[in-house]
Amino acid sequence: MGKPFAGKCSPEVWFGILISFILCFLLLLFDYPNTFSRVNNGVSLFESTQTHPIGIVNNQSNSVINQSTTDSCSGRYVFIHDDLPAKFNYDLLNNCESLTEGSNMPNMCPYIKNFGFGPEINNSEGVLSNKRWFSTNQFSLELIFHNKMKQYECLTNNSAQASAIYIPIYVGLEDSQHLWDPNLTARDSFGEDFSKWVSRRSEWKKMWGRDHFFVSGRVAFDYRRKTDNISDWGSKLRVLPESKNMTMLAIEASSRKNDIAIPYPTGFHPAKDSEVFQWQNKVRKQERPYLFAFVGAPRPDHPNSPRGKLFDQCRASSTCKVLNCHSSGINCEDTVTVMRVFQRSVYCLQPTGDTFTRKSAFDSFLAGCIPVFFHPASAYNQYLWHLPKNHSMYSVFIPVSEVKDLEDGSIEKTLLGISKDKELAMREEVIRLIPKLVYGDPRSRLGTQDAFDIAVNKILERIENVRKVIRQGRDPSIGFAEKDGNKFLFPEELY
Ligand SMILES: *[C@@H]1O[C@H](CO)[C@@H](O)[C@H](O)[C@H]1NC(C)=O
Ligand SMILES: *[C@@H]1O[C@H](CO)[C@@H](O)[C@H](O)[C@H]1NC(C)=O
Ligand SMILES: *[C@@H]1O[C@H](CO)[C@@H](O)[C@H](O)[C@H]1NC(C)=O
Ligand SMILES: *[C@@H]1O[C@H](CO)[C@@H](O)[C@H](O)[C@H]1NC(C)=O
Ligand SMILES: *[C@@H]1O[C@H](CO)[C@@H](O)[C@H](O)[C@H]1NC(C)=O
Ligand SMILES: *[C@@H]1O[C@H](CO)[C@@H](O)[C@H](O)[C@H]1NC(C)=O
Ligand SMILES: *[C@@H]1O[C@H](CO)[C@@H](O)[C@H](O)[C@H]1NC(C)=O
Ligand SMILES: *[C@@H]1O[C@H](CO)[C@@H](O)[C@H](O)[C@H]1NC(C)=O
């Protein structure tokens, strides 16, 4: 701060400088009224409040003195825990053949290519656009997120400068090796080793892990085993004391506030805005001969799942297209197969599956097909950062508390009752959401924020709120507790 004020100055000059300062301050007040109200506002919850530009300096004296040189990354710096031992991430990729051994999931090796997007789809038969479509595995989010984070514009190697600490651990890839393992030690040791490792780093003590986050390509339920009965599902990773202090972004959240859902990765990974516009125009102009479609597998083991009824209702309707993923010759992992149906349908049924959410819901958005949900935890209680609060703008809700109440023909009747204007408005909203729900090519940035950009801004905002609570001497654990108001059930209670 020496330079501009060096040299001998008369009192008049000093007075002039003082006036400029005051003017500057007033101007700033005009420009950024939020900055100042935010400083004084108490923080009641850690759910994000409003969207304000992140990176505005919220230290008044700093922003006045240093306005012209304000660092655009201020408040947005992220430190990546790159010293994480390879056994927590890269070793898993090197052992990709064995990751899904003994499970019903495909070999992951092809899917780790291309930043985790998987193999490029070349022959799209006119169903997809010519470029930027991949056979992306629905469990690849942690890998994709890490690769995008490596290109984030505000990385720092100085953890003291960081607003958030990101741990590039591949919890889902590891978990998938042991989900069916009766040996609980084998299921839990990874999480225990990780908790020990991370809590012994110097970064931990600053906020006891409450500024740390990691990403999971699997649902949060997979890490919340309640008992040590081997027939209970999953590992204990998220119930360990260290893990409780961190925030996890996953494809499906739990009822805890520090499990936050962000979109499943789909097959579209654009690198340019023009590729997004082209795709939006294609689905906007698409002819949609089917009123509704259902693509899925039955769940005969879950008598309370609505899927059986959906198959019946779809087959009984002349305007419904059904694809049973368990029929021979139908491969629902094939993006072209699914997108061909979704693009030709006005509405796409998105019931719960093994858990509340499905990747299929995001395929539906991509195809411009208005999703029909049957449970609030399939989207509305989940993707709060990425989907509009008012779900009637982009979807149809047919609540099913008792599957037996789902009367024959009721879905077609409900959908036929929706006006053409309302349908068009919903489809336009679905199409508008596309760029926010995709994970773009890490080597470039889109003009609008993609799913990753939104997630990073929101996690920074969340951690800033935690920091404020700590500064005010209040208990930060409130932001890591059970969700209130927005509570939803655990999957086991569904069936
Ligand atoms: C604001 O910045 C000043 C000067 O850099 C510093 O002394 C002070 O601790 C900062 N206050 C807060 C709340 O960060
Ligand atoms: C102003 O910001 C620049 C860039 O972030 C920094 O190097 C410099 O030390 C700051 N000056 C003051 C007085 O804070
Ligand atoms: C698609 O084309 C690329 C480049 O020509 C090639 O490397 C890749 O193997 C092809 N993918 C498939 C699924 O055929
Ligand atoms: C952090 O350090 C590594 C290794 O020294 C270097 O390659 C990288 O560019 C640095 N990153 C930043 C953001 O300074
Ligand atoms: C269970 O797994 C642990 C860790 O992988 C291993 O050390 C132990 O021998 C296993 N126990 C049995 C009974 O297989
Ligand atoms: C473990 O769970 C199974 C299935 O829910 C149950 O039948 C069994 O009694 C449980 N065992 C113990 C020790 O609680
Ligand atoms: C979790 O955070 C609280 C402070 O909010 C701290 O007292 C506790 O020790 C932390 N847990 C661990 C395991 O570090
Ligand atoms: C939600 O959106 C619908 C459809 O656009 C609209 O009719 C309704 O008024 C909105 N509700 C609220 C609370 O904004």
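Whatever order the structure lists ligands and atoms in, that order sets their numbers, starting from 1.
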So, using side-chain contact (heavy atoms from CB on, under 4.5 Å) as the criterion, who are the partners of [X] when residues are at least two apart?
{"X": "Pro168", "value": "Ile80, His81, Leu84, Asn89, His146, Tyr166"}
{"X": "Thr319", "value": "Leu291, Phe292, Ser317, Glu412"}
{"X": "Asn107", "value": "Cys109, Pro110"}

Under 4.5 Å between any side-chain heavy atoms of Tyr383 and Phe362, yes or no? yes

Ion pair check, Arg224 and Asp259, cut-off under 4.0 Å: yes

Does a salt bridge link Lys257 with Glu482, judged by any charged N lying under 4.0 Å from a carboxylate O? no

Once rounded to the nearest 0.5 Å, what's the spacing between atom CZ of Arg307 and atom NE2 of His302? 9.0 Å

Is any N or O atom of Ser392, backbone or side chain, closer than 3.5 Å to an N or O atom of ligand 8? no

Counting from 1, what ligand 8 atoms have a heavy atom of Met393 closer than 4.0 Å? 2 (O), 5 (O)

Per-ligand residue contacts, ligand 5, heavy-atom threshold under 4.0 Å: Asn183, Ala186

Lys422 to ligand 8, any heavy atom closer than 4.0 Å: yes

